[in-house]
Amino acid sequence: MPEFSTSPGMRDIVSPESARWRRFVDSFELIVGVAGYELVIPPLLEDIGVFNRLGEATDVVTKEMYDFVDKGERHVALRPEQTASICRSFVQHRPTTPFKAWYSGPNFRYEKPQRGRYRQFDQVGVEVLGSLDPYVDIEVVQLGWSFLASLGLSRVELAINSLGEPDDRARYVAALNAYFLERTNELSPESQQTLTRNPLRVLDSKRSEDAAVIADAPLINSFWSDTAAAHFSTVCDGLTAVGVPYTIDLKLVRGLDYYRGTTFEFRGGTLDSAQNALGGGGRYDGLVADLGGPETPGVGFAIGLERTLLACDDEGVFPAADQSADVFVVDVCGGSVALEICTELRSLGIRTERSWDDRSMKSQMKSANRSGARFAVIIGEDEDQSDTAVIRDLRSDAEQVSVSRSNLAPTLKSRLSSLQGAV
RNA sequence: GUGGGCGUAGCUCAGGUGGUUAGAGCGUCAGGUUGUGGCCCUGAAGGCCGGGGGUUCAAGUCCCCUCGCUCACCCCA
């Protein structure tokens, strides 16, 4: 056993998964980029006050924060999410509104690790600051939806709800609290505990004992103001208009306290995981002001990489890319010819590998085979003397051919591109 | 934070009631004569049996502790 390995809940992302991660973020950038979102890269570390605004009653703040006092006596924390950082950045730099940002990167929460849940986890997301227009909500939800669809996912469900205006939400919470208190003895001990902290979150309980009580609980829609109801209705109509399928889930409440108005969640189609929330978001119209900025509405979402990739695995889509070489150079004359050929081919964009340590031809051919390369270029004594090279197709039984060294690169280039054309 | 399962070669795993040099498959490396891979054959390297303590003449095997992984709860991405 090695002396060191990754800390709990943290892991190395290694090949071929690592390349898949890069591609994931690239795909996201492609979709939000054409929609005019600009990249913001906030620091991993912030003053803990930035994150305290996520909610004094939330686990994320109360027990999952990676926080410490630095050498300058500042109380800082590794970010548990990026929305608050983006808002802080907005307050600090005051870009013109509407401000449309996207981000990607790791976040940290000190939780017990589990399938699809790590202490360091990556998210991609967008935030739009400065507009109350319901069409912003629509655009944001649509972006998340089309991104997931672009990965090939077809069994994702979009749940959407509105928490109403702050007053609506407050009245609803009060009503909910009264209702649950009345039937508190029917609730599971865990939910009774949750009730004291945040009645909304009791609705989230997945325990069967709670199901009956939750089923009869009052619903948010009867507390919506006219403004909130109209906003929500516009959002729903807009989604329908652009062909984004959704389900209204009046019991959808999200974990962070800053949400108000529209909230939504993308859920993976596979039921066997409790971690089926691939991503989610909503409006947080008070957050910028809470962080000391002007009254500025906001809406956004975050999508978890790990979970979304798990969903991709379940659906058999967005596979890890093929990383095999195009050409493998076998040189049994010391290796200097391989150096020259690799340099030339690579400069032409041909993925070229070779072996080292002066191994036998047989052993180098084995490596060539394993590399997945389409062609082996073989340099033996004869080729070295005559300034030629042998090209051998590793995936067909065609005769190998000998070409002059000056014709090697052009020949490979054209054979590779004709193969690509065939596919 | 709470509970269940599991920790043996790089990987996947065998190792009845404790008993001599801990095994297999895959992978890796080297060979199977004269410059050529994939199939097959042979051989080699590679393990403080997660760590610590205990019981015993003797522990991978039993007991305790600890660390880690995993699944569920909690919560969330």
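These numbers come from a predicted model, not from an experiment. Throughout, protein chains are lettered first and strands after them, A, B, ... in sequence-line order, and every chain is numbered starting at 1.
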Touch class at under 4.0 angstrom, heavy-atom based, for A:G280 against every strand present: nothing
Can you confirm if the aromatic rings of A:F51 and A:Y66 lie within a centre distance of less than 6.0 Å? no
Taking the same atom, P, in B:C6 and in B:A14, what whole-Å distance lies between them? 11 Å
Below 3.5 Å, does any donor atom in the side chain of A:E111 face an acceptor in the base of B:A77, or the other way round? yes
C1' gap between B:U55 and B:C63, integer Å: 7 Å
Return whichever of A:I378 or A:G116 has its heavy-atom-nearest nucleotide of RNA chain B closer to the 5' end. A:I378
Would you kindly check whether a donor in the side chain of A:Q400 faces an acceptor in the base of B:U36, or vice versa, at under 3.5 angstrom? yes
Salt bridge (charged side-chain N to carboxylate O under 4.0 Å, His left out), that's the test. Do A:R260 and A:E165 meet it? Break it down for me. CA-CA 6 Å; A:R260 55 176 81 162; A:E165 298 187 290; over 6 Å; no
Side-chain contact check for A:P113: nearest option of B:A77, B:U36, B:U70 is B:U70
Which part of the nucleic acid, if any, lies within contact of A:S367, taking any heavy atom under 4.0 Å across all strands shown: a base, the sugar-phosphate backbone alone, or nothing? nothing
Go through the N and O atoms of the side chain of A:R109 and the base of B:C76, and report whether any donor-acceptor pair is under 3.5 Å. no
Taking atom C1' in both B:A45 and B:G31, what distance in whole Å separates the two? 14 Å
Of the listed nucleotides B:U70, B:A77, B:C69, the one nearest the side chain of A:K112: B:U70
Separation of A:D357 atom CG from B:C29 atom C1', in whole Å? 12 Å
Heavy atoms under 4.0 Å, any strand shown: does A:G9 hit a base, just sugar-phosphate, or nothing? sugar-phosphate
Residue among A:Q123, A:R119, A:R117 satisfying side chain to side chain contact (heavy atoms under 4.5 Å, CB included) with A:F121: A:Q123
In Watson-Crick or G-U wobble terms, with both distances under 3.5 Å, the base opposite B:C69 is B:G5
Using whole Å, what does the distance between atom P of nucleotide B:A77 and atom CD of A:Q114 come to? 14 Å
Using the P atom on both, measure B:G50 against B:G15 and round to a whole Å. 15 Å
Checking base pairs now: Watson-Crick or wobble, both atom distances under 3.5 Å. What partners B:A77? none
B:A22: pairing nucleotide in any strand, Watson-Crick or G-U under 3.5 angstrom: none
Using Watson-Crick or G-U wobble geometry with both distances below 3.5 Å, tell me the partner of B:U28, or none. B:A44
Taking N and O atoms by type only, does the side chain of A:R307 place a donor or acceptor under 3.5 Å from a partner on the base of B:C76? yes
Touch check for A:E64, heavy atoms < 4.0 angstrom, all strands: base, sugar-phosphate only, or nothing? sugar-phosphate
Tell me whether the side-chain N/O atoms of A:S363 come closer than 4.0 Å to OP1 or OP2 in B:A30. yes
Could you state the CZ-C1' distance from A:R119 to B:G68, rounded to the nearest angstrom? 11 Å
Nearest-angstrom distance, C1' atom, B:C41 to B:C49: 31 Å
What does B:A58 pair with, Watson-Crick or G-U, if both distances are under 3.5 Å? none
Mind checking if A:F328 touches a base, just sugar-phosphate, or nothing, with heavy atoms under 4.0 Å? nothing
For the residue pair A:F301 and A:F28, does the interplanar ring angle fall in the parallel (under 30°), tilted (30 to 60°) or perpendicular (over 60°) class? perpendicular
Taking A:N161 for its side chain and A:L252 for its backbone only, find out whether a donor-acceptor pair lies under 3.5 Å. yes
Once you round it to whole Å, what is the distance between C1' of B:A30 and CD of A:Q364? 15 Å
At 4.0 Å (heavy atoms only), tell me whether A:E383 reaches a base, stays on the sugar-phosphate, or touches nothing. base
Over 60° means perpendicular and under 30° means parallel, so classify the ring planes of A:Y284 and A:Y258, tilted if in between. perpendicular
Which part of the nucleic acid does A:L278 contact within heavy-atom distance under 4.0 Å: base, sugar-phosphate only, or nothing? sugar-phosphate
note: A:R370, atom CZ; B:C26, atom C1'; distance rounded to Å ~ 13 Å
Which nucleotide in the set B:A77, B:C29, B:U2 lies at the smallest distance from any side-chain heavy atom of A:R359? B:C29
Could you tell me whether the phosphate oxygens of B:A30, OP1 or OP2, come under 4.0 Å of any side-chain nitrogen or oxygen in A:S360? no
A:S188 side chain to A:S191 backbone, donor-acceptor under 3.5 Å: yes
Separation of atom CG in A:D12 from atom C1' in B:G68, rounded to whole Å: 15 Å
Integer angstrom distance from the C1' of B:A24 to that of B:U8: 12 Å
By the 4.0 Å heavy-atom rule, please label A:R254 as base, sugar-phosphate, or nothing. sugar-phosphate
Hey, does the side-chain of A:R115 have a donor or acceptor N/O within less than 3.5 Å of a partner on the base of B:U70? no
In whole angstrom, give the distance that lies between atom CG of A:L394 and atom C1' of B:G37. 7 Å
Is it the case that the base of B:G37 and the side chain of A:N369 share a donor-acceptor contact (distance under 3.5 Å, atom types as modelled)? yes
NZ/NE/NH1/NH2 to OD/OE distance under 4.0 Å, A:D313 and A:R20: yes
Centroid-centroid under 6.0 Å between A:Y110 and A:F108 rings: no
Hey, which sits more toward the 5' end of RNA chain B by its nearest nucleotide, A:T308 or A:M361? A:M361
Can you tell me, in whole Å, how much space there is between the C1' of B:A30 and that of B:U21? 25 Å
Tell me the interatomic distance from A:E306, atom CD, to B:C76, atom C1', rounded to whole angstroms. 12 Å
B:C11 and B:G53, which share atom name P, separated by this distance in whole Å: 26 Å
